[in-house]
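See structure below.
Everything quoted here is computed from the prediction, not taken from an experiment. Computed over heavy atoms, backbone and side chain alike; hydrogens, waters and symmetry mates excluded.
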Amino acid sequence: VMVSDGQMTTRSGEDRLADAMAYANQRGLRIYPVLVGEPTPPKNVSVTGLQAPREVRRGAHTELSVVLAHRNLTGQQVRVKLLRKPAEASTTRPADKDDWTDTGIAKTVRLDGEGAAGSSAAGGVSHGVQTVALEVEPDTIGKFIYRAVVEPHADERNVEDNQAEAPV
């Protein structure tokens, strides 16, 4: 009897499953799958990276690239915004949410992707990776940390991965 929710939770999951199936086949055992858990694949959008130059001149137009990955949110819109704080703030005292300043730079994007919910080709999962360009024009000299944040989607299961940082 194989009990599963159908989700691979580790990289070695597929190998372990294939080994178990081969073991059962070698011995002529019948496999009885029992599906448990939520049948709808989870929805998630994450900021997998923020790419920025290490150095920027004050007043220079600069592009920061936010890399988004998503699952089961193809066609949905999300808002990406950029925050900034002095780099010294993160080393001289404990991190404080108030240290972050909203730069006023934000963009609403439509999530592109492959597959569609319910399609057998994608296993009922749509997914995608895309890059969002945010233009900044630094007005202050200093060392800063920029943070790209995606506002959580209403149906999103994991909001811990909705941000990434880069030093400038």
Side-chain angles (χ1 to χ4, degrees), residues 5-14 38 40-168:
D5 65 356
Q7 305 291 323
M8 291 294 173
T9 55
T10 64
R11 291 181 188 217
S12 63
E14 289 182 23
E38 173 64 43
T40 307
K43 295 179 180 182
N44 190 50
V45 60
S46 61
V47 180
T48 61
L50 174 59
Q51 299 168 348
R54 287 280 190 194
E55 294 181 7
V56 177
R57 291 186 178 269
R58 181 175 57 185
H61 291 281
T62 305
E63 184 176 284
L64 278 62
S65 298
V66 181
V67 182
L68 301 178
H70 69 87
R71 183 174 54 207
N72 288 328
L73 290 172
T74 298
Q76 299 293 311
Q77 290 189 341
V78 294
R79 185 153 179 81
V80 182
K81 66 180 179 178
L82 194 62
L83 308 175
R84 182 179 88 171
K85 75 174 180 178
E88 299 79 36
S90 64
T91 59
T92 58
R93 60 191 162 119
D96 184 0
K97 188 174 182 177
D98 295 333
D99 287 343
W100 293 99
T101 302
D102 190 337
T103 63
I105 299 167
K107 190 180 280 189
T108 300
V109 296
R110 182 179 183 272
L111 297 173
D112 298 327
E114 300 175 5
S119 84
S120 58
V125 178
S126 67
H127 55 87
V129 176
Q130 67 195 80
T131 302
V132 178
L134 297 177
E135 297 274 333
V136 298
E137 188 176 326
D139 56 358
T140 308
I141 295 174
K143 294 180 180 182
F144 296 93
I145 299 173
Y146 282 85
R147 176 183 280 177
V149 178
V150 171
E151 295 173 359
H153 191 273
D155 299 343
E156 192 171 1
R157 186 175 290 181
N158 177 17
V159 297
E160 299 298 319
D161 58 0
N162 286 24
Q163 62 189 21
E165 299 174 0
V168 177

Is there a side-chain contact between [X] and [Y] in this structure, where contact means two heavy atoms from C-beta onward sitting under 4.5 Å apart?
X: V168; Y: V136; result: no
X: E135; Y: I105; result: no
X: V78; Y: E156; result: no
X: P167; Y: K143; result: no

Sub-3.5 Å donor-acceptor pair from the side chain of [X] to the main-chain atoms of [Y], do we have one?
X: E151; Y: K81; answer: no
X: H70; Y: D112; answer: yes
X: N44; Y: R71; answer: no

Specify the closest pair of heavy atoms between [X] and [Y], including all atoms of both residues, with the distance to one decimal.
X: L73; Y: K43; answer: CD2-CD, 3.8 Å
X: S126; Y: T74; answer: OG-OG1, 3.2 Å
X: P138; Y: A60; answer: CD-O, 3.4 Å
X: N162; Y: S46; answer: OD1-CA, 4.5 Å
X: L134; Y: K107; answer: CD2-CB, 3.8 Å
X: V47; Y: A164; answer: CG1-CB, 3.5 Å

Item to check | R79-T108 side chain donor-acceptor pair, cut-off 3.5 Å | outcome: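 Looking only at side-chain atoms, T108 and R79 do form a donor-acceptor pair, the distance falling under 3.5 Å.
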So, taking the atom named [atom1] in [X] and the one named [atom2] in [Y], what distance separates them when rounded to the nearest 0.5 Å?
X: T103; Y: D139; atom1: OG1; atom2: CG; result: 10.0 Å
X: W100; Y: R84; atom1: CH2; atom2: CZ; result: 11.0 Å
X: L50; Y: Y146; atom1: CG; atom2: OH; result: 10.0 Å
X: L83; Y: I145; atom1: CG; atom2: CD1; result: 12.0 Å

Checklist entry - Thinking salt bridges, do E165 and R147 make one under a 4.0 Å N-O criterion? => result yes
